[in-house]
Student: 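Next up is a structure, given as structure tokens.
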Amino acid sequence: MPMGFSQQQKASQIQAQRMGQKQIQSLKLLSMGAEDLRQEVLAQVEKNPALEIVSDNFQNQAKGQSYKNFLDAGLRVGSAGAYGQEKSDAFQEILESRPDERKSLFEHLTQQVNMLDIDGAKKSLCHKIIGNLDSRGFYILAPSSLLDQKAGQDQKLLEECVSIIQNLDPPGICVENVEKSLLLQARLKGTASPLALFLLDGHFEFLDPPQEQKILEKIRRFLEEQKKLSFAKEDFSYLKDVDAADVQKALLFIKTLDPFPARDFTQDSTRYVLPDIYVDKDGADFKVRVSDKVVPQIRISPNFGDAKNKSPFAKAAINQAKAFLESLEYRQSSMQKAAYAIVQSQKEFFEHGPGHLVPLKQKDIAAQIQVHESTVSRMANCKYLQCDWGLFPIKYFFTSAVGDASKESVQRQIRQILEQSPSKKLSDQKLCDALAQRGIKIARRTVAKYRSQMNIDCSYER
């Protein structure tokens with residue numbers, strides 16, 4: 001039987017969505033952290049002659065700080081002669097070719113921790129905290145963001161580990177900033193006067209300028225303001241009889257402290273995390289802004305002007321520049337909206353600090369700002385938020401839910417119930433019942449799981 005072939009023509013409709021080059025570029029920029037974005041902007045300016053840098057705060061701050069350090073040291077800035085320059089270059093070459101035999105701060109602290117007689121859980125968290133210190137010995141991320149609740153790490157364990165490291169050498173490390181470092185050093189020395197501790201503990205601005213009479217005037221004004229308050233949070237009666245001699249003695253003591261206690265260690269292991277989002281308290285609300293300290297401000301060069309009556313090369317350069325600027329603006333607006341939505345959703349945290357997170361998923365934020373969940377994921381990836389409570393990865397604010405509360409909140413409630421109980425021997429079922437009275441309904445086995453993760457023994461072993 002002969003075989004035949006025939007052709008038939010059919011019409012069909014297929015709906016497909018493809019991203020254009022501009023969309024791909026926008027999502028690429030959204031995924032970048034501050035430092036990566038800076039490098040991308042610099043690369044685009046170098047590649048596209050239609051773009052130019054208007055200002056670069058990051059570079060200006062670095063130059064200004066370098067010159068300021070010279071002035072602070074009381075040095076004069078000048079130029080050397082040809083012979084002097086040759087000698088200087090030769091000496092500099094010798095210095096740079098000599099290997100740095102000093103230990104890093106990380107190595108120095110790790111060796112001390114390894115020699116301590118502490119359990120594995122504490123040692124593990126201590127190592128993590130040490131890795132979170134920069135070359136000055138100050139926090140990079142907020143310590144609370146280092147906790148791994150799945151491994152049974154809680155706030156109490158964190159405080160114990162921070163105290164361990166703060167008592168290691170050099171003194172004054174494992175704190176937020178210079179002011180906290182000086183206060184810690186003063187407390188560790190044990191010879192600080194009450195006045196010196198007062199000046200270092202929240203009244204650092206009284207030391208500017210460091211003149212006895214002006215400091216004394218500021219203290220007296222402070223005491224007058226305290227009298228006007230309807231309630232006193234603290235007793236400052238010990239400041240009433242302070243005189244210029246006491247202020248001078250306090251200043252001499254403060255000058256013995258080191259604002260950068262880790263300066264004698266090599267900086268080979270230095271790591272810095274740059275905030276992408278800043279959250280500041282603004283009355284009853286919060287102000288959210290995207291960082292402009294690292295990424296240069298750019299524009300289309302006036303020499304290029306509009307694309308009309310330009311050569312094909314100039315037109316292409318201008319169109320590419322416009323597309324890049326629009327992608328930057330999209331990144332800015334998307335991060336601003338998402339960050340503000342996070343702050344509003346986690347307002348309890350920004351008001352009261354760690355331990356007050358509520359359940360929040362990326363899809364919740366995506367729904368609020370009307371974007372796809374993957375856009376929020378890109379926004380949160382490898383980015384950091386700076387607030388009054390420290391520096392946190394943005395992903396820190398997305399938490400799993402247990403009923404109507406976050407896991408972190410439930411664990412905090414369990415600890416509070418045990419601390420408030422006279423016997424502290426409540427069974428898991430009684431803990432479950434106590435949580436239910438607080439509006440948190442979870443299973444007994446979940447309570448047992450969370451209790452175990454917080455390193456709290458069962459009622460028989462407490």
Student: Rounded to the nearest 0.5 Å, what separation is found between the CZ atom of R221 and the CD atom of Q226?
Tutor: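 Between R221 CZ and Q226 CD, I get 14.0 Å after rounding to 0.5 Å.
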Student: Does S334 reach the main-chain N or O of Y330 with its side chain, forming a donor-acceptor pair under 3.5 Å?
Tutor: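 Yes, S334 side chain to Y330 backbone: donor-acceptor pair under 3.5 Å.
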Student: Would you call L29 and S26 a side-chain contact if the rule is heavy atoms closer than 4.5 Å?
Tutor: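 No, their side chains stay 4.5 Å or more apart.
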Student: Which is it for Q111 and E107 under the side chain to side chain donor-acceptor pair (under 3.5 Å) test, yes or no, and what are the steps along the way?
Tutor: CA-CA 6 Å; Q111 288 176 0; E107 293 171 332; over 6 Å; no
Student: Please identify each residue that fulfils side chain to side chain contact (heavy atoms under 4.5 Å, CB included) with P312, with sequence neighbours left out.
Tutor: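 Applying side chain to side chain contact (heavy atoms under 4.5 Å, CB included) to P312 gives none.
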Student: Decide yes or no for S144 and W389: does some side-chain heavy atom of the first lie under 4.5 Å from some side-chain heavy atom of the second?
Tutor: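 No, too far: nothing below the 4.5 Å cut-off.
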Student: Got a second to check how far L357's CG is from F397's CZ, nearest 0.5 Å?
Tutor: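 Interatomic distance, L357 CG to F397 CZ, rounded to 0.5 Å: 7.0 Å.
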Student: Are L141 and Y384 packed together at the side-chain level, in the sense that at least one heavy-atom pair is separated by less than 4.5 angstrom?
Tutor: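 In short, these two side chains touch, coming nearer than 4.5 Å.
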Student: Ignoring hydrogens and geometry, is there a side-chain-to-backbone donor-acceptor pair from T110 to F106 under 3.5 Å?
Tutor: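 Flag set: sc T110 to bb F106 pair under 3.5 Å.
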Student: With distance as the sole criterion, is a donor-acceptor pair present between the side chains of Q336 and Y340 under 3.5 Å?
Tutor: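 No donor-acceptor contact under 3.5 Å links the two side chains.
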Student: Might you confirm whether atom NE2 of H352 has over 12 heavy atoms from other residues, nucleotides or ligands at distances under 6.0 Å?
Tutor: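 Enclosed.
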Student: For N381 and S377, indicate whether the former's side chain and the latter's backbone hold a donor-acceptor pair under 3.5 Å.
Tutor: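 The answer is no, because no donor-acceptor pair under 3.5 Å joins these two groups.
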Student: Does any non-hydrogen side-chain atom of L109 lie less than 4.5 Å from one of L133?
Tutor: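 Yes, close enough: below the 4.5 Å cut-off.
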Student: side-chain contact (heavy atoms from CB on, under 4.5 Å), that's the test. Do F350 and V279 meet it? Break it down for me.
Tutor: CA-CA 9 Å; F350 290 98; V279 177; 4.1 Å; yes
Student: With sequence neighbours excluded, tell me which residues meet side-chain hydrogen bond (donor to acceptor under 3.5 Å, both in side chains) with E348.
Tutor: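 Partners of E348 under the side-chain hydrogen bond (donor to acceptor under 3.5 Å, both in side chains) test: none.
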Student: Would you give the length of the straight line joining atom CG of D154 to atom CG of L147, rounded to the nearest 0.5 angstrom?
Tutor: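 Going from the CG atom of D154 to the CG atom of L147 covers 7.5 Å.
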Student: For a salt bridge (Lys or Arg N to Asp or Glu O under 4.0 Å) check, start with the C-alpha distance between K281 and E351, then their side-chain angles and the critical distance, and finish with the verdict.
Tutor: CA-CA 9 Å; K281 184 74 171 170; E351 288 280 3; 2.9 Å; yes
Student: Distance only, no hydrogens: is a donor on one side chain within 3.5 Å (strictly under) of an acceptor on the other, for Q185 and S181?
Tutor: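 Short answer, yes.
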Student: Walk me through whether D169 and Q112 qualify under side-chain contact (heavy atoms from CB on, under 4.5 Å).
Tutor: CA-CA 8 Å; D169 178 73; Q112 295 179 73; 3.8 Å; yes
Student: Verify the ring-centre separation between F265 and F260: is it less than 6.0 angstrom?
Tutor: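 Aromatic pair excluded; centres sit 6.0 Å or further apart.
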Student: Is the closest side-chain donor-acceptor distance between S345 and Q368 under 3.5 Å?
Tutor: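 Q368 and S345 do have a side-chain donor-acceptor pair below 3.5 Å.
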Student: Mind listing the closest non-hydrogen atom pair of Q153 and S124 along with its distance?
Tutor: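 In this case the closest contact between Q153 and S124 is NE2-OG, 4.4 Å.
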Student: Please report the interatomic distance NZ(K383) to CG(L30), rounded to the nearest 0.5 Å.
Tutor: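 If we round to the nearest 0.5 Å, K383:NZ and L30:CG are 5.5 Å apart.
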Student: Taking the six-membered ring of F253, is the NZ or CZ of K189 close enough (under 6.0 Å from the centre) and on axis enough (within 45°)?
Tutor: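 Verdict for F253: a cation-pi partner in K189.
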Student: Answer whether the closest heavy-atom distance between the side chains of P393 and S145 falls below 4.5 Å.
Tutor: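 Yes; the side chains approach each other to less than 4.5 Å.
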Student: Taking atom CG of L391 and atom OH of Y278, what is their separation to the nearest 0.5 Å?
Tutor: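 So the gap between those two atoms works out to 8.5 Å.
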Student: With the side chain counted from C-beta on, respond yes when P143 and I129 share a heavy-atom pair under 4.5 Å apart, and no when they do not.
Tutor: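 They are not in side-chain contact.
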Student: Write down the atom of L199, the atom of A250, and the distance for their closest heavy-atom approach.
Tutor: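 So the two residues come closest at CD1-CB, 4.3 Å.
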Student: Should the pair D208-K214 be classified as a salt bridge under the 4.0 Å nitrogen-to-oxygen rule?
Tutor: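 Salt bridge: no.
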Student: Excluding sequence neighbours, so at least two apart, what forms side chain to side chain contact (heavy atoms under 4.5 Å, CB included) with A142?
Tutor: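 Partners of A142 under the side chain to side chain contact (heavy atoms under 4.5 Å, CB included) test: F392.
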Student: What's the shortest heavy-atom distance between Q166 and Y139, and which atoms?
Tutor: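 Here Q166 and Y139 meet closest at NE2-OH, 4.3 Å.
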Student: Output yes when a side-chain donor or acceptor of D282 lies under 3.5 Å from a complementary backbone atom of K287, and no otherwise.
Tutor: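 Judged by distance alone, no pair lies under 3.5 Å.
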Student: What closest approach, in Å, do R38 and V294 show between heavy atoms, and which atom pair accounts for it?
Tutor: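 That closest heavy-atom pairing would be NH1-O, 2.7 Å.
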Student: Output yes when a side-chain donor or acceptor of N167 lies under 3.5 Å from a complementary backbone atom of I164, and no otherwise.
Tutor: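 Flag not set: sc N167 to bb I164 has no pair under 3.5 Å.
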Student: Taking all non-hydrogen atoms of both residues, which atom of K123 and which atom of L116 are closest, and how far apart?
Tutor: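 It is NZ-O, 3.7 Å.
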Student: Salt bridge (Lys or Arg N to Asp or Glu O under 4.0 Å) between D258 and R263: does it pass, once the steps are laid out?
Tutor: CA-CA 9 Å; D258 190 347; R263 70 174 81 206; 2.8 Å; yes
Student: side-chain contact (heavy atoms from CB on, under 4.5 Å), that's the test. Do K347 and D285 meet it? Break it down for me.
Tutor: CA-CA 9 Å; K347 201 164 186 177; D285 206 349; 4.0 Å; yes
Student: Which heavy-atom pair separates P296 from L42 by the least distance, and what is that distance?
Tutor: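 In this case the closest contact between P296 and L42 is CG-CD2, 3.9 Å.
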Student: Below 4.5 Å, heavy atoms only, C-beta onward: do M32 and C382 meet side chain to side chain?
Tutor: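 Not touching, per the 4.5 Å side-chain cut-off.
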Student: Please check: side-chain N/O of N177 versus main-chain N/O of K180, any donor-acceptor pairing under 3.5 Å?
Tutor: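 Checked: pair present.
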Student: Working to the nearest 0.5 Å, report the span between CG of L158 and NZ of K128.
Tutor: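 Taking CG in L158 and NZ in K128, the distance rounds to 10.0 Å.
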Student: Are N48 and F324 packed together at the side-chain level, in the sense that at least one heavy-atom pair is separated by less than 4.5 angstrom?
Tutor: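 No - every pair of side-chain heavy atoms lies 4.5 Å or more apart.
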Student: Determine, stepwise, if the pair L51 / L325 fulfils side-chain contact (heavy atoms from CB on, under 4.5 Å).
Tutor: CA-CA 9 Å; L51 288 171; L325 289 171; 4.3 Å; yes
Student: If you count heavy atoms of other groups shown closer than 6.0 angstrom to NZ of K47, is the number above 12?
Tutor: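 No - once you tally the heavy atoms of other residues, nucleotides and ligands closer than 6.0 Å, there are 12 at most.
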Student: Report yes if the distance between the aromatic ring centroids of F198 and F222 is under 6.0 Å, otherwise no.
Tutor: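 Close enough - the centres of the two rings lie under 6.0 Å apart.
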Student: So for atom CD, which belongs to E46, do other residues, nucleotides or ligands contribute more than 12 heavy atoms lying within a distance under 6.0 Å?
Tutor: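 At most 12 heavy atoms, drawn from other residues, nucleotides or ligands, come within 6.0 Å of this atom.
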Student: Assess the side chains of E40 and Q44: does a donor N or O sit below 3.5 Å from an acceptor N or O?
Tutor: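 Yes, Q44 and E40 have a side-chain donor paired with an acceptor closer than 3.5 Å.
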Student: Tell me if a side-chain donor or acceptor on S31 pairs with a main-chain N or O of L27 at a distance below 3.5 Å.
Tutor: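 Here the side-chain-to-backbone pair exists.
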Student: Regarding Q25 and S327, is there a side-chain donor-to-acceptor distance under 3.5 Å anywhere?
Tutor: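 The answer is yes; a qualifying pair exists.
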Student: Would you please test D36 and K28 for salt bridge (Lys or Arg N to Asp or Glu O under 4.0 Å) and show each step?
Tutor: CA-CA 11 Å; D36 289 337; K28 177 185 175 184; over 6 Å; no
Student: Are the charged groups of R187 and D201 less than 4.0 angstrom apart, N to O?
Tutor: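 D201 and R187: salt-bridged.
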